[in-house]
Protein chains: 2
Amino acid sequence: MTAPAEKHDVFKAIADPTRREVLRLLAESERPISEIADHFDMSRTAVTKHLNILTEAELISGRKEGREKIYQLHPEPLTEVKQWLSYYEKFWENKLSMLKHLVEDEK
Amino acid sequence: MTAPAEKHDVFKAIADPTRREVLRLLAESERPISEIADHFDMSRTAVTKHLNILTEAELISGRKEGREKIYQLHPEPLTEVKQWLSYYEKFWENKLSMLKHLVEDEK
DNA sequence: TAAACATGAAACCAATTGGTTATATTTTTG
DNA sequence: CAAAAATATAACCAATTGGTTTCATGTTTA
C-alpha cells in the first residue's frame, strides 16, 4: 500500500563504501558512467553494477544523452534512514541531557 | 590511531533487517540470547551470529550472568551514520520544510 | 547428582555479493 | 563510412552472508 516493494532497500544500498562514494560524487554534480568509474580502482562494469543497485534503491537515476548515460543523485530515500535513526537519538540525547545536568550543577 | 580498524562497520551492521529488529528489541530492554531468539523465525545459532556482528560494530555488548548472556544496546556508533546523513540533508531540507508545514497545518 | 537450561563452537550449504573478461550495440567523429 | 567512444550484456568466479544441524560445555535446580 505504501512502499512499492523495493528490491534493494536503502540500508543495503548504502552499506557498501563504493556506493557511498558514488553518492558523494553525484552530490557534487551529475556525471556519466565513465567519469564515475574513473574514480575507482575497478572495472567500469563493476561500477555499473553498483549504479544499478543504487538505481533500484531510487537513490540515483540515469538518463541517456547521446552515447553517454548521465547519473544524478536522488537523496530522498535517505529520509527512511534518518527516520530510523531518530528512534535511537533519544538514547544518546539522554546522555547529553545527563551531561547537561552535570554541567549545570557545576555552575 | 583513532578507530581500532572495525571489522564490521556500522553501515553493514544495520543493513540487515533482522539486526535492526534486534536493536529495536534491545532498545526496549536488555535481554538474554534465548529471549531475543524467541522473536525470530530462525535458529538460536543464527541469531547468535547476528549478535556477533552487532557486537563487532560495537552496537551491542553482552555480559555473562550465570548461564545466560545478557545483551544490551550501545547506540553510540549510530552517530557515524547520522553524521554521514547530515551531509545529504541539505538536499532534502526544502522538501522536509514543506512536510513540516503540512504537519503544522493539521494542528 | 542427574536432568534441564543456556550458550558455544564446528561443519556444512545455498544464495548473494562484488568482482572479472569478453563480446555486442549505439553514437559520435575524422 | 570506418574507427573510436560509451555503454550494455552475458558468462563466469571467489568470497561472504545468512542460514542449518550436530555436538560440547558450563550452570541451575529438582
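Below, chains carry the letters A, B, ... as their sequence lines are ordered, and counting in each starts from 1.
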What residues form a side chain to side chain donor-acceptor pair (under 3.5 Å) with B/R24, not counting sequence neighbours?
B/E21, B/E28

At under 4.0 Å, does any side-chain N or O of B/H50 touch on OP1 or OP2 of D/dT17?
no

Just the rounded figure in Å: distance from P of C/dG19 to CZ of A/R19.
9 Å

Minimum heavy-atom distance B/L26-B/I60, with the two atoms named:
CD1-CG2, 3.6 Å

For the side chain of B/K69, starting at C-beta, report the closest nucleotide among D/dT20, D/dT7, C/dT7.
C/dT7

Presence of B/S43 side-chain N/O under 4.0 Å of D/dT20 phosphate oxygens OP1/OP2
yes

Does the pair A/E80/A/K82 count as a salt bridge with the N-to-O cut at 4.0 Å?
no

Output the single nucleotide from D/dG18, D/dA8, D/dT21 whose closest atom is nearest the side chain of A/T48.
D/dA8

Closest to side chain of B/T18, choosing from D/dA6, C/dT20, D/dG19
D/dG19

Tell me the interatomic distance from B/I33, atom CD1, to C/dA6, atom P, rounded to whole angstroms.
11 Å

Walking DNA chain C from its 5' end, the first of A/A46 and A/E68 to be reached, judged by nearest nucleotide, is A/A46

Please check the phosphate of C/dT7 (OP1 and OP2 only) for any side-chain N or O of B/S34 closer than 4.0 Å.
yes

Set of side-chain contact (heavy atoms from CB on, under 4.5 Å) partners for B/T18, sequence neighbours left out
B/D16, B/F40, B/M42, B/H50

To the nearest angstrom, how far is B/I70 atom CD1 from C/dA6 atom C1'?
11 Å

Measure from NZ or CZ of A/K90 to the centre of the six-membered ring of A/Y87 and say whether it is under 6.0 Å with the direction within 45° of the ring axis.
yes

When the distance from CG of B/D41 to P of D/dG19 is rounded to whole Å, what number comes out?
10 Å

Measure CG/B/D9 against P/D/dT16 and give the value in whole Å, please.
15 Å

Which nucleotide in C/dT28, C/dG18, C/dT20 has an atom nearest any side-chain atom of A/R67:
C/dT28

At less than 3.5 Å, do the side-chain atoms of B/R44 and the base atoms of C/dG8 form a donor-acceptor pair?
yes

Roughly how many Å is it from NZ in B/K64 to P in C/dA6, rounded to a whole number?
13 Å

Whole-Å distance between D/dT7 P and A/R63 CZ?
12 Å

Rounded off to whole Å, could you give me the CD-to-P distance for the A/E65 and C/dT27 pair?
13 Å

